[in-house]
Amino acid sequence: MRHADLGRGVGDGWEVAGAGAAIRGGAMIGYRDVGGAGLDLKVAGAASVTVLVEFGDRGLTVEDAVGRRELGGFVAGLPLGAMRLQGAGVECIEVRLSPERAYSMLGVPPGSLGRGAVSLEELWGARAVRLRERLAEAGSWDERFELMKSFLAQSDRQRTSPDPEVLDGWRRILTSGGQVRIGQLVADTGWSYKRLGARFEAQIGLTPKRAAMLVRFRAAVDGLLAGRAAAEVAVDCGYVDQAHLCRDVGIFAELTPGSLTAEYLPAIARYRYSQWGNFFQYGAVPSGR
């Protein structure tokens, strides 16, 4: 299957490909800096697990809750804060996985990824080094996407998945836009609040309360980027008031609602966001995709 290759149509010297190329439980895009524009993005929290591979031998500067370091690629779980990515002449494949799919495909549960980006080598050792080499040698985006799929499939433990109670809670958080009552989730499992919280954090990457906050934030981002007033977005997304919305935007994006839109003005940022918005609906990717 050939994936849409958008060439340089995204503008500002970026070549992009994939348009959300399907992978079971997720999607992929590819992008490369062909005009020397350089990458400088503040990436806000997303309700999905991210795998990013830089294969142009340039590497990325990653700044997150752990600190600032140079990486050839990374895996990041559901974050509590924003991440800044910088690089010159970068060539990347980015994969987004639902936490459910990441639980089996990454070989480690999302909760073990911690608060920041984990280097590919830390997770996969020499396999990760070879992956970057093969992606660089590939002659097309289609070939790179297939290499990426094959690589992830080698780590896939298809019979491993989160507890049914955790999956049900996660899906209800998604379908409600983060507005489900956490107390009701707990009551419906028959577990204690502490037990559900611990299982959720280990298997999804955040407690139910934090996961709901993140999903609600992503719904609010859609409204803000569509040009809607912050007060209107706050009401529709279930915030107590606009100040409550501002607090959550500060937690997950380290910005105000007004400045959040400006952060997505660069062409590559607009492209990335449009693809993940279309394919993830705040992380709700069917596990059979």
Side-chain angles (χ1 to χ4, degrees), residues 1-41 43 46 48-62 71-76 85-98 101-102 105-107 117 119-121 123-156 266-280 285-286 288-289:
M1 173 183 175
R2 289 194 58 80
H3 308 293
D5 189 336
L6 304 184
R8 301 184 186 183
V10 82
D12 287 358
W14 286 95
E15 176 184 294
V16 298
I23 185 173
R24 185 168 177 260
M28 295 185 289
I29 59 174
Y31 45 92
R32 67 191 340 168
D33 178 7
V34 294
L39 182 72
D40 189 355
L41 290 176
V43 182
S48 55
V49 174
T50 300
V51 181
L52 192 148
V53 184
E54 201 288 318
F55 59 86
D57 201 29
R58 299 294 185 93
L60 294 164
T61 301
V62 179
L71 299 175
F74 61 83
V75 177
L85 304 178
Q86 295 175 294
V90 298
E91 301 177 75
C92 301
I93 282 186
E94 186 172 347
V95 183
R96 293 283 179 92
L97 298 169
S98 66
R101 195 72 187 98
M105 185 170 281
L106 296 183
S119 74
L120 300 179
E121 290 80 6
L123 274 182
W124 294 308
R127 287 184 59 221
V129 176
R130 180 56 182 151
L131 172 65
R132 294 184 69 205
E133 294 173 349
R134 295 186 67 191
L135 290 173
E137 294 165 357
S140 69
W141 284 111
D142 281 338
E143 187 177 350
R144 294 185 188 104
F145 290 139
E146 291 304 317
L147 284 169
M148 196 72 221
K149 288 182 183 180
S150 176
F151 178 86
L152 291 173
Q154 291 177 35
S155 299
D156 196 357
I268 188 60
R270 291 197 305 270
Y271 171 73
R272 290 173 71 258
Y273 183 81
S274 69
Q275 295 310 309
W276 301 140
N278 290 341
F279 282 85
F280 279 85
V285 180
R289 165 160 278 184

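Computed from a predicted model, the values in this text were never measured in an experiment.
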Nearest heavy-atom approach of Cys92 to Glu54 is SG-CG, 3.9 Å

Minimal heavy-atom distance between Leu131 and Val53, with the atoms involved, is CD2-CG2, 4.2 Å

Looking only at heavy atoms, the pair that brings Trp124 and Leu106 closest together is NE1-O, 3.7 Å

- Can you check whether Phe145's main-chain N or O pairs, donor with acceptor, with Glu143's side chain at less than 3.5 Å? no

Sub-4.5 Å side-chain heavy-atom contact between Glu94 and Thr50
yes

State whether the side chain of Asp33 and the backbone N or O of Gly38 hold a donor-acceptor pair below 3.5 Å, judged by distance alone.
yes

CG (Leu147) and CD1 (Ile93) are apart, to the nearest 0.5 Å, by 7.5 Å

_Assess whether a salt bridge exists between Arg134 and Glu137, defined as any Lys/Arg side-chain N lying under 4.0 Å from an Asp/Glu carboxylate O._
no

For a 4.5 angstrom cut-off between non-hydrogen side-chain atoms, does Met28 reach Lys149? yes

Between Val62 and Ala117 the two heavy atoms that sit nearest each other are CG1-CB, 4.1 Å

In short, Glu15 meets Trp141 closest at the heavy-atom pair OE2-NE1, 2.9 Å

*State, yes or no, whether a side-chain contact exists between Phe74 and Leu85 at a heavy-atom distance under 4.5 Å.*
yes

Any Leu52 side-chain heavy atom under 4.5 Å of Val95 side chain
no

Side chain of Arg58, backbone of Ala88: donor and acceptor closer than 3.5 Å?
yes

Practice prompt. For residues Trp14 and Leu39, determine if any side-chain heavy atom of one lies less than 4.5 Å from a side-chain heavy atom of the other.
Written response: yes

Short N-O contact, Arg144 and Glu146, less than 4.0 angstrom
no

**Prompt:** Does Arg96 reach the main-chain N or O of Val51 with its side chain, forming a donor-acceptor pair under 3.5 Å?
**Reply:** no

- request: Using only heavy-atom distances, determine whether the side chains of Tyr31 and Glu91 contain a donor-acceptor pair under 3.5 Å.
  value: no

When every non-hydrogen atom of Gly59 is compared with those of Val90, the smallest separation belongs to O-CG1, 3.9 Å

